Amino acid sequence: MFMGVFLLISGSFLYLLLKPPVSKNINIQEEFVFPKNPSLDGEGVAGCLTSQPYLR
Amino acid sequence: MFDFPTLFTLTLFFLMVLFLIWRPHGINESIPPTISAILILLAGIVPLSDVSKILGIVSGASITILSTIVMSIVLDSIGFFRWTAFNLVKLAAGSGVLLYWYINLLCFLMTIFFNNDGSILITTPIIIHIVTILKLKAKQQFPYLLSGALVATASSAPIAVSNLANLIALEIVGLDLNSYVSMMFVPSMIGITTISLLLFYYFRKDIPKRIASIDGKSFDSSSSISHDSLADMNDPPNYPPPHHLPPHHPPHPLPPHHLSHPLPDSVPHLPSASTNNAAEIDMSLFKICMAIVILIRAGLFVGAGFDIPIEWIGIFGALVLIGYRWYRKGIGPYDILKKTPWHIILFAFSIYVVVYALHNIGLTALLVKLLREPLSANYLSASLISGGLLTVMSNLFNNLPSVMIGTFTLAGMGLDQPTLHVAYLANIIGSDIGSLIIPMGTLASLIWMFLLRKNGVRIGWWDCIKVTILVIPIGLIISLLSLYVWVEWLFY
C-alpha cells in the first residue's frame, strides 16, 4: 500500500520532469528545431536545447 | 605465513579490484572477475559443485536489474528522456536554487524507477547539457554535477530493487522486499535528504541565484529567453565545450561500448534535427509507457507479497514494453537484444565466486571472530559497526564485492534475526551511501567520472573528495542512527 502510493506520487513527478512540452502529436523537427524566431537560433537556452548547441 | 589458497585468492582479489577500477584499454568490466573466477574454480578453492548454488543466488538479482535496463533502453529508443533538460530549465524558471533541487529530484526518481547505474548514465549527460547551455562557470557547474551523481547513487538504498548488490545481499539473508522497504525506506530517505541539504549548504555560494529561463507556457516558436538573467553570459565556462562532435550527432557524446557495466548502452537523446525517427512527439505512447513503468515497479512489491519471484515481474515488464513499442512503432526487439549488457550475469556470478573463495579461505571467519561480540551487543552497535565496516571496505575495494563479503560475514555470525536484519540493512547503507566518499567506492561513481572526462568537464578525484569527506560521513551516521531508532521503535 505504502509503496503503491509512493510510486504513484514519484511517478507523477517523474512524468512532469520527462514529459514532452506539448500535449498532442506534433513533429518536433518542424516546430522546434528550426524556430521561426531568429533570435532563438543564435543564443539562449531554447535555441541551444532545440538545435545543436556545440555547432553554432 | 599464508598457505597457497589464501595467498592465491587474496592476490586474485586485489588484482581483480585493480583491473576493475583501472580497466586498461577499456576492457569490459566483466573480464577481470571472470578470469579470477575461472582461476579460482580451476584451483578448486570454490568447488564446481557450488556453481549451481551461486548461479541460483545471483541470477534472480541480475535478471531483475537486466529487465530494468531493458526497459530504459526501450524508453530511450522512443525518445523518452529527450525533453528532460528542457523541462528542468523551464521548471527552474530562472532560479539556480530551484534547478539544484529539480536535478536532485530527477536523479532520485531515475534511480527509484530504474537503477543506480542506469540513472547515472541517463542523468549525467542531461546535467552536463544543462550546465553547458546555461553557460555556467566551472565552479557553478560542480554543485549540480556532484549532487546529481551522489543522490543518484545513494538513492538505490530505499527500495532495494535499484541496485544489483542490494538484491544479491537480500537473497543471502533471506529478507523479503516489503520487509526491506518497511525497515529501510525512512532511514535511507533521511540520509539522502541530509546529503542533499548538506551539499546545498556547502555549495550555497557557488550555486547561481539566477540562471537563464525559458518564457512562455509551452515551448514554441514564440518562446523567448530572458537574456538579462543569464549567469555571467560574458564569462564562459572554464573548460571548452566538446566541439569535436561531428554534425548531426546528439549534443553529448555517447559512452563507449566498453563502459557498459552494468549499464545499458543507452543515453537520452535531446531534441535535435538528427533524431528524425524519434522527433515525433506521441503523447499517448509516452503516457502508456510511463504507466507501464510505474505499474511494473509497483508490481515488484505486490508480487513479493505473493512470493512471486521479482525477476519474473521484471521480465514481464520488459516484454510488455518491447511488445508495445513493436505494436506502436513497428520496431522489433532486435536492437534491444543487441544493446542489453547480458554480461551482467557473468559479472555478478564471477564476483560472487571470488567473494565465495575469500569466504572459503577464512576471511569472513576472521571478521566473524573479530566482530561478533561487539556487533551483537545491541542494535545500535550492529548498525554503526556494520555500516562503518562496509563504508571502509567499499571505499577501499569497491562496494559490490564488499557488500557480499559483509553479508557473508553477517550470515556466518549466527546472530538472532532482528540483529541480523539491522546489521544487514546497515551494510546496505554503508555500501550505498558510505561508499560515496571516494569515487572508486561504486562503479556508478567511476562511470560518472568517465562521462565527465569524455565531455571535457575537468573534475578530479580530489575535487570530489574535498566535498564528500565532509558530507557523506554525516549523512552516513545520521542514516545509521535513524535505522537504529526506526527499527527499535517500530519493529523489535
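Quick caveat, the model's predicted, so the values are computed rather than measured. So you know, we letter chains A, B, ... as the sequences are listed, proteins then strands, and number each from 1.
Both the backbone and the side chain of A:Phe13 have a heavy atom closer than 4.5 Å to some heavy atom of chain B. With a 4.5 angstrom heavy-atom cutoff, B:Phe80 touches chain A via backbone and side-chain atoms both. Only the side chain of B:Ile159 comes within contact range of chain A, with at least one heavy atom under 4.5 Å from a heavy atom of that chain. Looking at B:Leu106, both its backbone and its side chain come within 4.5 Å of chain A, counting heavy atoms on both sides.
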Original post:
B:Gln140 and B:Val131: side chain to side chain contact (heavy atoms under 4.5 Å, CB included), yes or no, with the steps?
Top reply: CA-CA 8 Å; B:Gln140 296 173 319; B:Val131 297; over 6 Å; no

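You'll find the side chain of B:Ile78 reaches within 4.5 Å of the side chain of B:Leu285, heavy atoms only. Residues B:Leu91 and A:Leu17 are in side-chain contact: their nearest non-hydrogen atoms beyond the backbone lie under 4.5 Å apart. The shortest side-chain heavy-atom distance between B:Phe114 and B:Ser72 falls under the 4.5 Å cut-off. Looking at B:Arg297 and B:Val293, their side chains never come closer than 4.5 Å, going by heavy atoms from C-beta outward.
The heavy-atom pair separating B:Leu98 from B:Ala92 by the smallest distance is CD1-O, 3.6 Å.
No side-chain donor from either of B:Asn115 and B:Ser162 sits under 3.5 Å from a side-chain acceptor of the other.
In this structure, B:Thr111 contributes its side chain and B:Ala152 its backbone to a donor-acceptor pair below 3.5 Å.
For residues 175-184 of chain B, the interface with chain A (any heavy-atom pair closer than 4.5 Å) comprises B:Val181, sorted by residue number.
When each of B:Tyr102, B:Phe301, B:Phe286 is checked for heavy-atom pairs under 4.5 Å with chain A, B:Phe286 comes out on top.
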